[in-house]
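This is a predicted model, so every value here is computed, not measured. All ligand and atom numbering here is 1-based and tracks the order in the structure.
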Amino acid sequence: MSSLRTEICVVGAGYAGLSTALHAAKRGYDVAIIEATRPGAGASGRNGGQVLPGFAADPAAMIAEFGETRARALWQISLRGLDKVRALAGNACDIRDHVAVVAATKADLPRLARQAALRRDVFGDDATAILDADAFKRALPGLAGHGALIDKRAFSIDPVKYVAALVGQAKSAGAALYERRPAIGISRENGKWHVATAKGDVIADRVVLAANVDLPGLEAGTERLLAPVRTFMLETAPLAKFPAWATGAAYDTSKALRYMRRTADGRLQFGAGGWPGRGNPPLAETWLRRALHKALPDLARAKIARAWSGLVDVTTDGMPRFADREGLIHLVGFCGHGVALTTLAGQIVADAIEGEDADFRRFAGLPQTPTWPTSFGQAAQLILGRAAPV
Ligand SMILES: Cc1cc2nc3c(=O)[nH]c(=O)nc-3n(C[C@H](O)[C@H](O)[C@H](O)COP(=O)(O)OP(=O)(O)OC[C@H]3O[C@@H](n4cnc5c(N)ncnc54)[C@H](O)[C@@H]3O)c2cc1C
């Protein structure tokens, strides 16, 4: 590729970049996506597949920080993300309805009930049900816990199939995808953005940085908005008999942030943990197995087929941040809660480029406190926000 001219250059082919490309191409823009390796190589091809309403910030914290009106508006916007994922995933991504939020301690159940009440009374979102300990055991056999909030709006998908669905739709809409083309620099010349790659520059009117925590030298200052946190997953071999769960996926309120999903071929995908920084800690797999034992004691000896980890982009308040500086657009801070939000972000960016920027400005205008996790516990807490009972 020598130098290439386009209207919009999207850096990164995860959900955020692919959705931006899809929605911008549908609006008639000329779009080129440049991806360092392959689509879904980042968090989008590695996640737990839980498509959740809201944000990593829990409802009470949102209300305390933004006030009821603004918090409700943000929550309502987030619900559109779920509809969008359902529509784009279609029948191709193994959708399973409902996600359980499991109370890891007895005290967490009344807190989850208060969270459900806040969602209903303040946010107008009544798609939850509370299960006491007995009902929980019947609905989610084999899972350790003291009850659960069933989120009837949430669902789970196969995250890798969803990447493929977005790639197909972005290409069909006319976006060009360049794989193995890492952006290595960005500059502004004569009113255009130049994104440098080893194979030539992409020259664009606008650049959308959708590279999660990886913004290597692209824009000084962006990294100050977020901290990388690593989280870990494993997948079992197909289980002879998968427990008869009432939901396709669950996560719990423990500090270890345990989350799990049933795959279409009867495997368990299980994840946990938040390790500050990009490093890969020693003994992560042993630790993950212990977490599995705690969450699903009967499956503690299940054969593990594979294990992996991925990075999430964490902000101090669990809210994403968007920014647009002369057409250099950033999408960051999805905090381990990004399947629905990154998808929606793509549409919000395409709308903003077209001049319909009210939603974009809501996220661009959020305040940011510059304090970062310095310990495992703090990091887990930050991405645990989605599970934190009020
Ligand atoms: C293990 C794990 C479990 C998770 N579980 C859930 C869950 O259950 N539910 C949920 O809602 N969220 C979950 N998340 C978070 C969710 O996956 C992310 O918020 C979302 O996928 C982020 O999408 P993205 O497009 O912003 O980033 P990514 O998917 O990380 O995409 C960024 C892309 O940019 C590319 N890139 C990087 N640098 C460059 C460069 N210089 N040039 C070109 N390309 C570049 C990368 O290769 C990558 O493909 C989880 C995350 C992880 C890691």
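- By the 6.0 Å and 45° rule, R86 stacks over the aromatic ring of F155.
- When only interatomic distances are considered, the shortest N/O to N/O separation between A36 and ligand 1 falls below 3.5 Å.
- The distance from ligand 1 to the heavy atoms of G336 drops below 4.0 Å at these ligand atoms: 6 (C), 10 (C), 12 (N), 13 (C), 14 (N), 15 (C).
- Which of N47, V99, T231, T37 comes nearest to atom 14 (N) of ligand 1 through a heavy atom is settled by distance: it is N47.
- Counting heavy atoms only, G338 comes closest to atom 19 (O) of ligand 1 of the residues S156, C335, G338.
- Below 3.5 Å of separation, one finds an N or O of V339 facing an N or O of ligand 1.
- Taking any N or O of A211, backbone or side chain, none lies under 3.5 Å from an N or O belonging to ligand 1.
- Using a 4.0 Å cut-off to heavy atoms of G42, the atoms of ligand 1 that qualify are 29 (O), 30 (O), 48 (C), 49 (O).
- Side chains of T37 and E35: a donor-acceptor N/O pair is present below 3.5 angstrom, by distance only.
- With a 4.0 Å heavy-atom cut-off, ligand 1 is reached by the backbone of A210 but not by any atom from C-beta on.
- Donor-acceptor pairing under 3.5 Å is recorded for the side chains of Y259 and T231.
- At least one N/O-N/O distance between G48 and ligand 1 falls below 3.5 Å.
- At a 4.0 Å heavy-atom cut-off, ligand 1 touches F334 through the side chain alone.
- The closest side-chain donor-acceptor pair between D125 and W75 falls under 3.5 angstrom.
- Residue-to-ligand polar distances keep G40 apart from ligand 1: every N/O pair is separated by 3.5 Å or more.
- Side-chain contact check for Y15 and N212: no donor-acceptor pair (N or O, by modelled atom type) lies under 3.5 Å.
- Residue contact check: G12 has heavy atoms under 4.0 Å from atoms 33 (C), 34 (O), 35 (C), 44 (N) of ligand 1.
- Between R5 and D30 no salt bridge is recorded (no basic side-chain N to carboxylate O distance below 4.0 Å).
- Cation-pi geometry between R72 and F123 is not satisfied (NZ or CZ under 6.0 Å from the ring centre, within 45° of the ring normal).
- Judged by a 6.0 Å distance limit and a 45° cone about the ring axis, R289 is not positioned over the six-membered ring of W287.
- Counting the atoms of ligand 1 from 1 in the order shown, those under 4.0 Å from a heavy atom of H337 are 10 (C), 11 (O), 12 (N).
- Annotation: N212 places an N or O atom under 3.5 Å from an N or O atom of ligand 1; distance criterion only.
- The N/O atoms of M233, backbone and side chain alike, include none that comes under 3.5 Å of an N/O atom in ligand 1.
- Atoms of ligand 1 lying under 4.0 Å from at least one heavy atom of G310, given by number and element, are 53 (C).
- Salt bridge status for R111 with D108: present, with a side-chain N to carboxylate O gap under 4.0 Å.
- Only the side chain of Y259 comes within 4.0 Å of ligand 1, counting heavy atoms alone; its backbone N, CA, C and O stay farther away.
- The closest approach between a heavy atom of G49 and any atom of ligand 1 is below 4.0 Å.
- Counted by atom type alone, K137 and H146 present zero donor-acceptor pairs between their side chains at under 3.5 Å.
- When R230, E35, Q50 are ranked by how near their heavy atoms come to atom 49 (O) of ligand 1, first place goes to E35.
- Judged by the 6.0 Å and 45° rule, R230 forms no cation-pi pair with W275.
- Of the listed residues (T342, L52, V312, L166), the one carrying the non-hydrogen atom nearest atom 22 (C) of ligand 1 is T342.
- A salt bridge links D214 with R278: at least one charged nitrogen is closer than 4.0 Å to a carboxylate oxygen.
- Using a 4.0 Å cut-off between heavy atoms, L311 contacts ligand 1 through its backbone alone, with no side-chain atom that close.
- Less than 4.0 angstrom separates some heavy atom of Y15 from each of these atoms of ligand 1: 21 (O), 25 (O).
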